[in-house]
Protein chains: 2
Amino acid sequence: MVLDPVTEPEADAGLAAIDGARFPAFPSLVKSLHGELLARLRDYIVEGNLAAGARVPERMLCEHFGISRTPLREALKVLASEGLIELLPNRGARVRQLGAEELVDLFDVMGGLEALAGRLACEKITPEAYAEIERLHHEMYSSYMRRDLHGYFACNQAIHDRIVQAADNEPLRTSYANFAGRLRRVRYSANLDENRDRWGEAMREHEEILDALRRRAGSELSDILFRHLRNKRRAAEGRETAPPPDDASAAS
Amino acid sequence: MVLDPVTEPEADAGLAAIDGARFPAFPSLVKSLHGELLARLRDYIVEGNLAAGARVPERMLCEHFGISRTPLREALKVLASEGLIELLPNRGARVRQLGAEELVDLFDVMGGLEALAGRLACEKITPEAYAEIERLHHEMYSSYMRRDLHGYFACNQAIHDRIVQAADNEPLRTSYANFAGRLRRVRYSANLDENRDRWGEAMREHEEILDALRRRAGSELSDILFRHLRNKRRAAEGRETAPPPDDASAAS
DNA sequence: GGGCGGAAAATTGCATTCATTTTTTGAGAG
DNA sequence: CTCTCAAAAAATGAATGCAATTTTCCGCCC
């Protein structure tokens with residue numbers, strides 16, 4: 001069984017792009033059909049093909065993926081444990097709706113994980129990996145000066161990913177990917193284009209980040225990264241989710 | 001189906017007791033038979049009824065819990081996503097064996113989560129909750145002076161849990177519980193009885209913890225908690241897992 | 001016209017069944 | 001006696017079947 005006779009979940013421009021740093025989730029799960037389906041279903045939901053709060057139609061997904069209900073339901077149970085959907089007894093699964101408070105909580109956890117990643121990265125990063133981050137930082141700065149939002153986002157994303165990678169901690173990577181996935185459904189129109197102040201502030205924070213990392217100042221970097229995420233959230237506050245899975249960039 | 005004909009897995013005093021502030025893991029999962037089975041199976045494994053690295057016998061567990069393979073397999077998939085077991089394609093599930101590096105990584109993540117909890121607690125803790133922690137701290141100190149290891153452990157555990165509760169962040173609680181569960185299989189014979197130095201050091205660290213919390217110094221507390229966990233790990237280093245599910249206390 | 005009640009349809013949860021794959025077993029060769 | 005290899009046995013992964021619950025739909029009453 002190869003999971004083929006399906007119309008490829010169209011609209012996957014969003015994730016595929018950022019996918020450069022695809023995390024393996026759990027090695028044991030990526031292999032073996034079940035893991036394949038799990039990843040596909042996760043993407044399907046994360047990309048917004050299902051409205052927030054909407055019912056998850058087993059039947060429909062079964063034919064969409066060309067499988068029977070058993071593996072699908074197994075995948076749903078896992079996605080529920082990841083917090084992406086919720087299971088109502090006898091009433092099926094629903095796409096988890098994020099309230100404002102939950103959003104804040106999730107951002108804080110992301111901040112905590114990035115803080116941890118930064119601290120660990122200071123201990124473990126190789127000179128090469130640091131050099132690469134430095135390069136990305138300068139490229140980002142250049143994008144910033146050019147007001148190239150897209151380039152800026154890409155570098156920004158890459159830098160944060162590199163820091164997590166540099167932490168060299170598998171459970172951390174997995175958790176990070178999980179929370180990032182949950183937040184990916186959220187669209188912040190905190191378009192930096194409309195928020196020059198925040199953009200400049202974010203850029204300054206990144207200067208601090210690079211500086212702390214250069215000095216391998218773990219505690220400091222940890223602090224800065226947490227605050228950085230806090231500010232990112234504040235800048236994006238009040239914005240809701242958006243069904244169409246078009247643009248996948250997130251403000252920083 | 002009522003999931004009855006089984007000897008109740010006991011010894012979960014840790015999490016269940018603290019329920020004053022609700023530890024629902026995921027609300028959607030605790031209700032509904034599936035969640036019940038999931039919790040039971042998780043406990044069954046965490047408590048060491050299955051040897052580390054051993055095969056997870058579906059057939060046996062089915063009759064043990066009095067259910068068919070379908071719900072059991074769903075639960076196994078979830079436990080795999082939690083990292084408690086691993087799924088080998090066509091070769092079933094195995095209890096995850098923690099190597100030394102993974103253990104270190106897990107401890108670091110726990111440290112990161114506690115650090116985050118401390119930071120958030122400084123922002124959100126109520127005077128009453130703080131007073132309770134202060135009380136526990138003094139009780140712990142008293143146990144320390146009396147060389148009452150059991151009392152010391154209990155207070156220590158309670159303090160860390162209260163800090164997580166005070167952070168008032170559901171996803172954090174869930175993640176924390178998840179990682180704590182993974183580490184529960186590990187028995188550190190870092191018996192403070194045989195390690196007076198570490199005991200005193202831990203006590204001093206707890207003084208710092210309380211002090212930072214009193215001053216609501218989030219960054220500081222964050223730092224201390226991370227270092228505290230690091231030291232805890234170092235003191236416990238080199239110890240392996242233990243099959244018998246007797247005593248459930250973990251060294252600090 | 002706007003609910004109300006109840007039967008039909010759909011959906012869910014779990015058990016059972018079936019096709020593959022892996023593991024075990026045992027006979028025979030070296 | 002040990003190793004090899006094939007057949008039997010067992011286990012896994014997924015599909016299907018079935019009872020129970022929920023949702024939908026439609027005629028009916030107010």
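Numbered from 1 within each chain, the chains take letters A, B, ... in sequence-line order. Because the structure is a prediction, the values reported are computed rather than measured. Side chains are part of it too, since the values below use all heavy atoms of this structure and drop only hydrogens, waters and symmetry mates.
- Rounded to an integer number of Å, the gap from CD1 of B/Ile67 to P of C/dA15 is 7 Å.
- In terms of phosphate contacts, B/Arg73 brings a side-chain nitrogen or oxygen within less than 4.0 Å of OP1 or OP2 of D/dG13.
- The NZ-P distance, from A/Lys77 to C/dT12, rounds to 10 Å in whole Å.
- Distance, A/Glu74 CD to D/dT16 P: 15 Å, rounded to whole Å.
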Enumerate, atom names and distances included, each donor-acceptor pair closer than 3.5 Å involving a side-chain atom of residues 99-106 of chain A, sequence neighbours excluded.
unit_1, atom_1, unit_2, atom_2, d
A/Glu102, OE1, A/Gly99, N, 3.0
A/Glu102, OE2, A/Arg96, NH2, 3.3

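- The interatomic distance linking A/Leu88 (CG) with C/dT11 (P) rounds to 16 Å, in whole Å.
- Considering only the side chain of B/Glu58, D/dT12 comes nearest among D/dT12, D/dT16, C/dC14.
- Remark: C1' of D/dT12 and CG of B/Leu76 are 11 Å apart, rounded to the nearest angstrom.
- Each of A/Arg69 and B/Ala93 was matched to the nucleotide of DNA chain D holding its nearest heavy atom; the match closer to the 5' end belongs to B/Ala93.
- Atom CZ of B/Arg59 is separated from atom P of C/dT23 by 17 Å (rounded to the nearest Å).
- The interatomic distance linking A/His34 (NE2) with D/dT12 (P) rounds to 15 Å, in whole Å.
- Residue A/Thr70 places a side-chain atom within donor-acceptor reach of the base of D/dA15, judged by atom type and a 3.5 Å distance cut-off alone.
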Once base and sugar-phosphate atoms are separated, protein heavy atoms under 4.0 Å mark nucleotides 19-25 of chain D, 5' to 3', with B, S and - as --SSS--
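- Relative orientation of the B/Tyr44 and B/Phe65 rings is perpendicular, given thresholds of 30° and 60° on the angle between their planes.
- Residues passing the salt bridge (charged side-chain N to carboxylate O under 4.0 Å, His left out) test with A/Asp168, sequence neighbours excluded: none.
- Legend: residues meeting side-chain contact (heavy atoms from CB on, under 4.5 Å) with A/Ala117, ordered by chain and number and at least two apart, are A/Ile163, A/Val164, A/Ala167, A/Leu172.
- Here A/Arg94 does not pair with A/Glu86 in a salt bridge; the nearest charged N to carboxylate O distance is not below 4.0 Å.
- Among residues two or more places apart in sequence or in another chain, the side-chain contact (heavy atoms from CB on, under 4.5 Å) test is passed with B/Ala75 by B/Leu37, B/Leu38, B/Leu41.
- Applying the side-chain contact (heavy atoms from CB on, under 4.5 Å) test to B/Arg91 and every residue at least two apart in sequence or in another chain returns B/Leu88.
- Atom P of nucleotide C/dT11 and atom CG of A/Leu87 are separated by 17 Å, given to the nearest angstrom.
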